[in-house]
Amino acid sequence: MNCTKCNAVIPDGSAFCPECGAKVEPIPAAPVETAPETFCSNCGAPMAAGSGFCENCGAKAETAPAKPDVVGKAKSVISRIPQKFLKLGLAAVALILVIVIIAAIAGSGSSKINCAMYYKDGELYYTNLPKAKPVQITDDLGDVDSSVRLSKDGKKLFYLDKYDSGTYTLYYQDMTNTKKDPVKLDTGVTSNYTINEKANLVTYIKDGTLYQHDLKEKAKIDGDVAEFYVSGDGKQIAYLADKDEDDNYTLFRATGSKEPVKVASDVSSLSGITEDGKTVLFQKDGSLYLQVNGKDAEKIESDSRIVGTYYDNGSFYYMKEEEAEIKLSDLITDDKKDDSTYDYLRDYLAGEDATTTNYTNTLYFYNGKKAVAVAEYVMTYEDYALDTPVIAYTALENGEYPKVSIADYYENGYDAFEEAWKDAVEYCIAVENTANAMTLTDVDDLYLTNDGKTAYVLSDVDEEDDTGILYRVDISGKKLKAAKKIDEDVSDSGHTVVGGSHYVYFKDVKNGKGELYLDGKKVDDDVRTRGIRYHVNTKKLIYFTDWNSDKELGTLKLYKGGKASVVKDDVHEFTFTPDGEILFLYDYSISKGKGELYIANGSKQTKIDDDVSSFLYRAYND
């Protein structure tokens, strides 16, 4: 069977997913999700809401949409709207627009304390590392993910327990004195909730009613609430309520104990609230709106959606979509005019019905005060920089639609446009409102570093062996420098940015294993392409070699300072603690779904517990 969260294959008899640690039993869908949980596409670890990069391996947060018909794949901080294919008939080109949840949930799993959380006998355990005796947290966890939120100082642990018909009991535990009983905040809580930066305000939905709890008592915010987002300090709440027959909502803002204020009606979706609580973005009638500091909402653009993220200076990118009807005869070249074989097709193309709908998309940059058009005829959104306004996308070169021959169309129908569209688009990178077309052609994939100063580009991929040429494109000011070749024969799987600015990739990949490289330097052979993790502060890279897929065990290795060393054989899974120590599950039995949990610090390895099913990745966010 496959994991319901990360889609990894789960061996029969396993109690937890080997990749993300989720319970095997399906989790009943909650009525609402205030902050959808995502998982790293590189290592499978759960990622806290709002995270731009995986804290375990450093990879860019990425959704996993179905592969577009032609080019590009969208990457997102958190979530995406349903994929909308922009096709000429059945196969042309896809534009995937991404809506980002702007406000990260402060404190949701982020901690500086060195700790471990793990599952044993169906319950959640916690220990301060490396010496503290493990403490059982839950009593009747049942068939659910515990949805843990650890305060930044590590002093409060929030969690769900006692599953009952789709809802849970919400608790918090004083981690400075685990002998104290946990405090029950409320029952009947839906599966997602938020805590603020100081971990003294908890916001959640119960029976459709939005509440905020100050750890002493709860206060009702409003009823019939479908979705909400909270500022970092927890004092500003934006939420949707009162769903109508057209599936639209009324948008409200609540501030402290004040009465909620209506922002807008007929709202279709809420993009989020900024960390400082000043700005709310939402969709209404297909248009993008922005409200700042409680003023009247401002319409930014019709038929548009945000792509990428919202930056600290108030800027963001968005895409405006315009529908256009095109005659198929304008896209097909008749180079067989003397051949009567195509007469029937010619008659069809001359008719009024031989048209197709396409979309002209314009990318805009909003600088916090006004919007500026960046590029027209944009086809796909590719990637964005987390810290500064830089975005990568594809666009039609010269704004010209590609054409195919009448013979090709006769033989292949709309599929004939696939290769034509691939050749017609060019990869571009915009820095704020300045667009730059890349000189590289036949690009397969592109990743930007956090600071927006570097793009890693895989190009000229051979369809037979799925390898290509890896380039580095540096960005200076608002311009692109000449591409520099890093390596050849690079696999199109497993390559990504780690630690915000470093790049890992593989060569000679077979059966999910190959030669691992970091920033152009070879690390090791026979490395599993999945599950690689990088710790920024200690500059450590950990990975598997000699992976046995039948036993789901491998050799855990560490790479630092140009040297690779063995940590332990027969390891099932691993991650970093905040301090850069290595936590791993050893001697794991697939049939029993259990193993021994260890922590490694240098050459010293200490057992934490036996019969551990999996550890909770979220506990180790750095």
Side-chain angles (χ1 to χ4, degrees), residues 41-42 52-53 58-62 70-76 96 98 307-309 311 315 317 363 365 374-375 377-398 422-462 466-507 517-522 534:
S41 60
N42 181 49
F53 290 80
K60 172 87 74 173
E62 180 179 340
V70 181
V71 291
K73 58 184 179 183
K75 306 178 181 80
S76 149
I96 303 173
V98 176
V307 290
T309 190
Y311 295 98
S315 64
Y317 289 98
L363 177 67
F365 175 65
V374 177
Y377 299 99
V378 175
M379 295 291 103
T380 61
Y381 150 69
E382 289 296 306
D383 198 9
Y384 70 95
L386 184 65
D387 300 331
T388 188
V390 178
I391 194 168
Y393 59 93
T394 65
L396 277 178
E397 190 172 4
N398 301 320
K422 288 177 67 175
D423 295 336
V425 300
E426 58 183 355
Y427 274 69
C428 306
I429 296 176
V431 182
E432 295 183 353
N433 63 341
T434 302
N436 299 274
M438 296 180 59
T439 57
L440 294 173
T441 58
D442 195 18
V443 173
D444 182 77
D445 212 347
L446 181 152
Y447 285 90
L448 290 165
T449 54
N450 285 23
D451 58 13
K453 293 182 178 180
T454 303
Y456 290 94
V457 184
L458 187 64
S459 155
D460 303 304
V461 173
D462 189 309
D466 295 324
T467 64
I469 302 173
L470 182 64
Y471 292 90
R472 172 183 173 134
V473 178
D474 289 323
I475 302 168
S476 178
K478 294 187 177 183
K479 299 295 182 181
L480 307 184
K481 291 187 175 181
K484 297 179 180 179
K485 185 169 72 173
I486 296 177
D487 211 338
E488 298 178 345
D489 301 321
V490 174
S491 174
D492 67 352
S493 63
H495 62 102
T496 189
V497 172
V498 295
S501 59
H502 301 279
Y503 208 75
V504 295
Y505 62 92
F506 285 86
K507 299 177 70 171
Y517 289 76
L518 173 66
D519 295 333
K521 296 181 180 179
K522 184 175 179 179
Y534 183 87

**OP:** With sequence neighbours excluded, tell me which residues meet ring-ring contact (aromatic ring centres under 6.0 Å, His included) with Tyr471.
**Re:**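 With neighbours one apart ignored, the set is empty.
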Subject >> For Tyr377, all residues meeting ring-ring contact (aromatic ring centres under 6.0 Å, His included), sequence neighbours excluded >> reply: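 ring-ring contact (aromatic ring centres under 6.0 Å, His included) list for Tyr377, sorted by chain: empty.
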Just by modelled atom types, is the [Y] backbone N or O under 3.5 Å from a matching donor or acceptor in the [X] side chain?
{"X": "Asp492", "Y": "Gly468", "value": "no"}
{"X": "Ser459", "Y": "Thr441", "value": "yes"}
{"X": "Asp383", "Y": "Leu448", "value": "yes"}

Tell me the closest heavy-atom pair linking [X] and [Y], and the distance in Å.
{"X": "Gly499", "Y": "Tyr534", "result": "CA-CD2, 3.9 Å"}
{"X": "Leu518", "Y": "His502", "result": "CD1-CB, 4.0 Å"}
{"X": "Ala385", "Y": "Asp451", "result": "CB-C, 4.4 Å"}
{"X": "Cys428", "Y": "Ala437", "result": "SG-CA, 4.0 Å"}

Using a 4.5 Å cut-off on heavy atoms from C-beta on, say whether the side chain of [Y] contacts that of [X].
{"X": "Lys478", "Y": "Asn433", "value": "yes"}
{"X": "Val461", "Y": "Asp442", "value": "no"}
{"X": "Tyr384", "Y": "Thr309", "value": "yes"}
{"X": "Val473", "Y": "Leu440", "value": "yes"}
{"X": "Tyr447", "Y": "Tyr503", "value": "yes"}

**OP:** Return the set of residues passing salt bridge (charged side-chain N to carboxylate O under 4.0 Å, His left out) with Lys453 (not counting sequence neighbours), or none when no residue passes.
**Re:**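 Checked Lys453 against salt bridge (charged side-chain N to carboxylate O under 4.0 Å, His left out); zero matches.
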Subject >> Residues that Asp423 engages under salt bridge (charged side-chain N to carboxylate O under 4.0 Å, His left out), provided they are two or more places apart >> reply: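 Applying salt bridge (charged side-chain N to carboxylate O under 4.0 Å, His left out) to Asp423 gives none.
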Any chance you could measure [X], atom [atom1], to [Y], atom [atom2], to the nearest 0.5 Å?
{"X": "Leu446", "Y": "Tyr393", "atom1": "CG", "atom2": "OH", "value": "12.0 Å"}
{"X": "Asp444", "Y": "Asp462", "atom1": "CG", "atom2": "CG", "value": "11.5 Å"}
{"X": "Thr454", "Y": "Ile475", "atom1": "OG1", "atom2": "CD1", "value": "6.5 Å"}
{"X": "Ser491", "Y": "Tyr517", "atom1": "OG", "atom2": "OH", "value": "12.0 Å"}
{"X": "Thr449", "Y": "Tyr456", "atom1": "OG1", "atom2": "OH", "value": "7.0 Å"}
{"X": "Tyr317", "Y": "Leu363", "atom1": "OH", "atom2": "CG", "value": "7.0 Å"}

**OP:** Check side chain to side chain donor-acceptor pair (under 3.5 Å) between Tyr311 and all other residues, then give those that pass, not counting sequence neighbours.
**Re:**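 None.
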Original post:
Of all residues at least two apart in sequence or in a different chain, which pass the side chain to side chain donor-acceptor pair (under 3.5 Å) check with Asp487?
Top reply: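 Only Tyr505, Lys507 meet the side chain to side chain donor-acceptor pair (under 3.5 Å) criterion with Asp487.
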Original post:
Should Phe506 and Ser493 be marked as a side chain to side chain contact (heavy atoms under 4.5 Å, CB included) after you check the CA-CA gap, both sets of side-chain angles, and the distance that decides it?
Top reply: CA-CA 7 Å; Phe506 285 86; Ser493 63; 6.0 Å; no
Original post:
Can you tell me if NZ on Lys485 sees more than 12 non-hydrogen neighbours from other groups inside 6.0 Å?
Top reply: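 Counting neighbours around NZ of Lys485, 12 or fewer heavy atoms of other residues, nucleotides or ligands fall under 6.0 Å, so no.
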